[in-house]
Number of protein chains: 2
Amino acid sequence: MKFLIIGGDAAGMSAASRAKRSMPEMAVTVLEMTHDVSYSACGMPYNIAVPGKAIEDLVVRQADVFRQKQGIDLLTGHRVDAIYPREKKVSGTTHEGEKFEFSYDKLLIATGGSPIVPDLPGFDLPGVLGLKSLDHGRKIKAYIDSYNVKKAVIIGMGYIGLEMCEALRSRSIEVAMVKPNPNFIPWMADELSDEVQKEVESKGVNLYMGHSVQRIESANNGLSVVCDDLTLDADMVIVAIGITPNSECAVVAGLETGIKKSISVDRGLKTSDENIYAAGDCADAYHVVTGEKTWIPLALRANRAGWAVADNICEKPVALDGVAGTSVFKVFDFQIARTGLTSKEAVTYGFDPAEVVIKTRSRAHAHPGSTPIQVHLIGDRKSGRLLGAQMVGKEGVAHRINAVAVALHAQMTVEQFAQTDLAYAPPFSPVWDPLLTAANQLLKRM
Amino acid sequence: MKFLIIGGDAAGMSAASRAKRSMPEMAVTVLEMTHDVSYSACGMPYNIAVPGKAIEDLVVRQADVFRQKQGIDLLTGHRVDAIYPREKKVSGTTHEGEKFEFSYDKLLIATGGSPIVPDLPGFDLPGVLGLKSLDHGRKIKAYIDSYNVKKAVIIGMGYIGLEMCEALRSRSIEVAMVKPNPNFIPWMADELSDEVQKEVESKGVNLYMGHSVQRIESANNGLSVVCDDLTLDADMVIVAIGITPNSECAVVAGLETGIKKSISVDRGLKTSDENIYAAGDCADAYHVVTGEKTWIPLALRANRAGWAVADNICEKPVALDGVAGTSVFKVFDFQIARTGLTSKEAVTYGFDPAEVVIKTRSRAHAHPGSTPIQVHLIGDRKSGRLLGAQMVGKEGVAHRINAVAVALHAQMTVEQFAQTDLAYAPPFSPVWDPLLTAANQLLKRM
């Protein structure tokens, strides 16, 4: 059995390792376009924050460990250009320009995603940088050092933009952020978004919502980000307006794709071709709340899907439930978390959402050190089901959201969730956990 | 309708307030033995830790607010001595020694619990103190100040004992702890218990496991705690060997009781008498994992049960699922949490437990500030169900346990839990949350 994998990060290397562990006799080959494999991409902003720290610290397992200890045929600098499903082979070009071909019995496409670069003038100028691969992180660090960056503009205010904002501020770099949407975190209720916005502004970040970038220009020893009614000067520009799945080869090969051209897979991670799987940021998933397809590129799913592909190939059939869209990020002293649907998404998927926003405290009455915590909870009036939650606070947000995520997997009603026995001790929570207070309030509106 | 409530803390005042809010015309009377109502009992160790801080800071709502703003007939200093279910009345004695009688249509017994005092010589000496009511806290604070306590012995190593240990150490009081059980936290796996033990000892606390206390003696200006093979001197002794439900009146009145003489209630909190409810630390509950009765006196259940009694009396019928036994406490820099069954309990209840203990990190690979986190996860081989979890660590334990608690309410299998989409970001978790790593490992043993 020849198991060929395109892409050597989370999904690809998880699949390779697990397949080799299950069936040591299997020939497992990984073709990775770059020279970096198995690294913590999500850790990049925190690494960039520390001058002099090697970006290679983020590598979880060295390529040679995969090769020598695990017996995986790991080839870096191998870019796949085409997949031929009928012939069960792929072709490509090495970093040195040599052509190659590999045949397979089973193929995994784990090509990840790439930062979206708008088709506007100046986005190819030196110093205009995206962040997704380790090499992106390497380039940003090198650029900051080489050009002694004092001033940066970040285009986009998603979680990568905000994490980068914190990273650059911690290096005393002036930061301005700009985007066309007039709302700071548009998927959040205003009360929650406003609190994060105040926090970010209090750290000296200039936020420009509602400004469409027209172009980037070279300007006296730096760059100018030009909007219709605003021009922002910078030594460096970070483009963080989202990522797009790397699915070109899959599209050309005739595989089915879905939302934003992510590769369509079933619960066993199989594509529309019997012998081809896809996993990680290039592939879609089922949403546990809607039961419909979604595309939410996140690390846990990539790792889990990689494992599931290996299990399915190794004749240990597994079907994944899907994702709840659980995510968390930190920006300065705030934790921001979500899971499930926003009320807007709930309407889109045919639910009749009731919602509540509550503000309570992170610790018990009279306990010192308590900070505000806000919860936005959403339920469905028709079925009574819990649909989603969003939270903001300085402590107790990151892990608390998991209780809701589990409830979404279990398809709990708001009433059932309101009855759950959550932990209480004065340093960690009010007697009624913020999630329970929200659930109790939401019940009145259902 | 006359609604009479015995006991004015969590369960009693929750029921009183909610009944009055639902049915303002209802006559709601609360008879409270002490002069304190509605306070955060769990906050006492943290209050005792701070010299000069009034214990009354823990009062959540003043008695006069209940009386004047909410129209509740709240009578403090009223001790109920007897309940007459057939006559639907109670009798008692006021703090001033006057006899009283009250009749009711519906009665709630919310008498809470009391610290267990062993029947041994010297436990009635001045300076030998328990901790449950606000007055206990008041007495401990006063004793520390009046007698300039420099040295304390705590009998018992449960969560109250450990919280008090931290409180006293923060006031630079020398602390020794003693108990007969040879294991530090006997309901925990050794690996977890050992880590907490090291932490406590590193803070200068002397732990004496495996020593039975024989008596307490007065000794040169202080106290001596005498064990068979050990004598510990102290200025003050805290007795923290557990609490017992205050159910004497209920027993005498012929109401059914269960585990440790807690008052038996159904899912609607009704006792064996049609017109009498019980809630809070004096009453039992159903366990969501076993479906059997249990007695786990904790604050959230008391508040929730109080509300449920009010709803049932106000003709909004509600049945409570029960408790998962979720709890958390802090001792020095450690968070200790549990939910559901231990493996020993699992055997008792007829399960065939598989279990795993894992040690991982609180943050992502290469993220600074990471600390060890240990998870003990238990599942049932027969049904595949998740049965319980215990966790220890310096961060990310207190709220993380809630994900398991919700899974227990939903009767999830380990396999289903292992598929849940939990939050990940480098400052808060490895990609695979510690709970998921534990679940993945546990699956191999099921």
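So that the names make sense, note that chain A is the first sequence line, chain B the second, and so on, each numbered from 1.
- Only the backbone of A319(A) comes within less than 4.5 Å of a heavy atom in chain B; its side chain stays farther off.
- With respect to chain B, the highest number of heavy-atom pairs below 4.5 Å among Q419(A), Q335(A), K330(A) belongs to Q419(A).
- H367(B) NE2 to D57(A) CG: the interatomic distance, rounded to the nearest 0.5 Å, is 13.0 Å.
- Minimum heavy-atom separation, P426(B) to C42(A): CG-O, 3.3 Å.
- Nearest heavy-atom pair, A423(A) versus A398(B), reported as atom, atom and distance to 0.1 Å: CB-O, 3.8 Å.
- Under the 4.5 Å side-chain criterion, counting only non-hydrogen atoms from C-beta, D421(A) is not in contact with V288(B).
- With respect to chain B, the highest number of heavy-atom pairs below 4.5 Å among L422(A), V323(A), V50(A) belongs to L422(A).
- Contact of the W432(A) side chain with the L300(B) side chain is registered, since non-hydrogen atoms from C-beta on lie closer than 4.5 Å.
- With a threshold of 4.5 angstrom between heavy atoms, A10(A) does not approach chain B through any atom at all.
- From F428(A), atom CZ reaches atom CG of N402(B) across 11.5 Å, with rounding to the nearest 0.5 Å.
- Chosen from I401(A), L320(A), L408(A), the residue pairing most often with chain B at heavy-atom distances under 4.5 Å is L320(A).
- The closest donor-acceptor contact from the side chain of T420(A) to the backbone of V406(B) lies at 3.5 Å or more, if one exists at all.
- Within a 6.0 Å sphere centred on CD of E415(B), other residues, nucleotides and ligands contribute 12 heavy atoms or fewer.
- Contacts between Y159(A) and chain B at a heavy-atom distance below 4.5 Å are absent for every atom of the residue.
- With a threshold of 4.5 angstrom between heavy atoms, V404(A) does not approach chain B through any atom at all.
- With rounding to the nearest 0.5 Å, the separation of CD in Q416(B) from NE2 in H409(A) is 10.5 Å.
- At a 4.5 Å heavy-atom cutoff, the contact between A407(A) and chain B is made by backbone and side-chain atoms alike.
- Neither the backbone nor the side chain of A337(B) comes within contact range of chain A; no heavy atom of the residue lies under 4.5 Å from a heavy atom of that chain.
- Counting non-hydrogen atoms of neighbouring residues, nucleotides and ligands closer than 6.0 angstrom, the CD atom of Q62(A) reaches no more than 12 such neighbours.
- Proximity to chain A is limited to the side chain of D433(B), based on heavy atoms less than 4.5 angstrom apart.
- The candidate with the highest count of non-hydrogen atom pairs below 4.5 Å against chain A, out of P45(B), G396(B), S327(B), is G396(B).
- Across A299(A), A366(A), A403(A), the residue that shares the most heavy-atom pairs under 4.5 angstrom with chain B is A403(A).
- Using modelled atom types, no side-chain atom of H365(A) and backbone atom of Y39(B) make a donor-acceptor pair closer than 3.5 Å.
- Using a 4.5 Å cut-off between heavy atoms, L436(A) touches chain B through its side chain atoms alone.
- Among R304(B), R338(B), R400(B), M412(B), the residue making the largest number of heavy-atom pairs under 4.5 Å with chain A is R304(B).
- The nearest pair of heavy atoms linking A425(B) to F329(A) is CB-CA, 4.4 Å.
- Proximity to chain A (any heavy atom under 4.5 Å) is shown, for A308(B), by neither the backbone nor the side chain.
- Across all non-hydrogen atoms, the minimal contact from P427(A) to Y46(B) is CG-OH, 3.4 Å.
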